[in-house]
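By convention in this document, chain letters (A, B, ...) are assigned in the order of the sequence lines, proteins followed by strands, and residues within each chain are numbered from 1.
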There are 2 protein chains.
Amino acid sequence: MSSLKKQSGSLHEKAGISPPEITNSAAIHQIQKNRRKQPSAAELINGILDQNRTALSRAITLVESTHPEHAEKANEVIQGCLPHANKSIRIGITGVPGVGKSTFIEAFGKFLTALGKKVAVLAVDPSSSLSHGSILGDKTRMEELVKDENAFIRPSASGDTLGGVARKTRESIILCEAAGFDTIIIETVGVGQSETAVHSMVDFFLLLKISGAGDELQGIKRGIMEMADAIVINKADGDNIKKAQQAKLEFNRALHLFPPKKSNWQPKVTTCSAITNEGISEIWDTISQYFVQTNASGFFQEKRKDQNHFWMMETINEHLKSNFYNQPGIIGQLEQIKKAVQNDEISPFAAARFLLSEYKKQL
Amino acid sequence: MSSLKKQSGSLHEKAGISPPEITNSAAIHQIQKNRRKQPSAAELINGILDQNRTALSRAITLVESTHPEHAEKANEVIQGCLPHANKSIRIGITGVPGVGKSTFIEAFGKFLTALGKKVAVLAVDPSSSLSHGSILGDKTRMEELVKDENAFIRPSASGDTLGGVARKTRESIILCEAAGFDTIIIETVGVGQSETAVHSMVDFFLLLKISGAGDELQGIKRGIMEMADAIVINKADGDNIKKAQQAKLEFNRALHLFPPKKSNWQPKVTTCSAITNEGISEIWDTISQYFVQTNASGFFQEKRKDQNHFWMMETINEHLKSNFYNQPGIIGQLEQIKKAVQNDEISPFAAARFLLSEYKKQL
């Protein structure tokens, strides 16, 4: 089974070590036999609903698979889990490298499981297929949480496109929820558009920061601050406490200049230390308060409906674009037209009309 | 000619007054004769390059027309003007109703023409087809500027979609520039996504605000503050001066918390009064400084190239989506599928796959 896992897994927990090539025909035979023994969709669904972690892991691997033959089975499993999903709070956590995301999630996760919560930690990191998982790639970064039987940690799905990674993560959320996890944490490292993608799949979006001379300015991507439901200034310990308090003051002032959110939620700024655990419980209080408030107003369910709709539209749109830009007739001409447009030799609209007519010809 | 204009014009300067129905066959004949006398594309191009305002107006009307037969001619005119366009600075101005946009543009425009600039004022207001032009609909709102021979004011193009209005405005910019206008002002009222659209067609984006008890918070749409290259606090006169200074301080503080812009431009906050003209020249100084700085760094031309490319992609994308959502097979099923997705009866990705396969069947 372990050799099979090496072959079929889409995870790269030990990047850099190539799986050994299989030249032994008996081994191949054994693998093929094991493959035939893969659990059926119904077995996976039952396993997940029984809160069996192996079944959950296998279903996620199925969802992450790029084999076309796996797609239908994955779909069946998700469809079977859907009625049992959704009873959770989904929390997105972002922050630049160095802000202490792993340490924070470990401390926060341990706090939650101690409260009796069942915590699943997933990640969105479209760069992981290149960097072989720059976040959560190494489970040992959360040494304590990974051993916790009420926690489930899954590294980022690999994938070429953010859309692909986002789909896999969204579907994994469904599976985790059906397996009884009531608190879903989605970590993102904030490469490209991944923060926006994560923001579109969670209920609560938390921006992790550290204080320090001038670094309030560093690395926050434009628009991220406006997305945050809470800004948490991490590493507020030792000499850092005063600076963290100052940063808190500044962010609070800035947040008040933003227009009110659709949720009517006024974003909170807090400080914490993942080392001393100072401030961790306050973060959960804030999230609970958000949950109560948006449930009462109906915003919570409304947002989830909007997100479902968004992902349907987004997927359709991505497919339409990909069909267009991958059509041989378009590939052959795009670069030249693009240059002409950039250099004002042809208007962007005339160029678009031309390319669309070329596309239609070949449909 | 004036009755013809009433029939074919896409402008609604006198909303509420329906054009008289034409029942006189002689009049119809005259109109048809006039129509035949419409200037050719070459004549329009020559007229525009000669800085003839009538030719410019007619060409814009052509660009705004929804008649398919006009599209090709409009395209020809734009193509002819393109090599002569681009020598300008394009300034976007936004602000909530009541902030004094018209009065500001009048004061600012007069200041610019007094400097020897040739100023064109256009507008993006996708709601104008419904509201019959909530901005610039009534030229008399800029009484002085409209009489200025170095200014050209054109109400917002009507249109059902923001994409349509945006295209018309983008193409009108080209025509104005070819006609020798060196300062293009694009006003937007900020309905829906129109501010983002305007931001994507200008070099410099100015957010107009007023101070006052608490209204720093009112009506700024999310993300707009991050787009601004300058925030101008208008109506800084009389009793308002102190409050305006206070608002300036607060916005300056907030802007410093944002990550640096790609342009490396640090957005400026200033106060002004369109009544006393206090602060108007400083705004132009700021814009000139931006122009010098971004020209030197190459960002100015780079941004225009990016914008050209963006509008090509955007137009293609809009067409692909519109083809999809208007296909009878999709129309017939979309609402039901959408509901199922929102209610978690089917996953958004499975729903998207299903709709895409239905779409393909009918292509």
Are any side-chain N or O atoms of [X] and backbone N or O atoms of [Y], one a donor and one an acceptor, separated by less than 3.5 Å?
X: B:W311; Y: B:S200; value: yes
X: B:H319; Y: B:T315; value: yes
X: B:K303; Y: B:D203; value: yes
X: A:R304; Y: A:N86; value: yes
X: A:K261; Y: A:M227; value: yes
X: B:N308; Y: A:P348; value: no

Margin query: Among B:Q79, B:Q307, B:E314, which residue has the highest count of heavy-atom pairs closer than 4.5 Å to chain A?
Written below: B:Q79
Chain A heavy atoms under 4.5 Å from [X]: which part of the residue, side chain, backbone, both or neither?
X: B:I330; value: neither
X: B:I316; value: both
X: B:I346; value: both
X: B:R253; value: side chain
X: B:I78; value: side chain
X: B:F310; value: neither

Check: Based on non-hydrogen pairs under 4.5 Å, which of A:E345, A:Q342, A:K338 is most in contact with chain B?
Finding: A:Q342
Note to self: Under a 4.5 Å cutoff for heavy-atom pairs, which residue among A:N317, A:N75, A:D306, A:L363 has the most contacts with chain B?
What the structure shows: A:N317
Next item on the list: Against chain B, label A:L356 side chain, backbone, both or neither, depending on which of its atoms sit under 4.5 Å from a heavy atom there.
Entry: side chain
Checklist line | B:Q362 versus B:E358, side-chain donor and acceptor atoms under 3.5 Å | finding: no
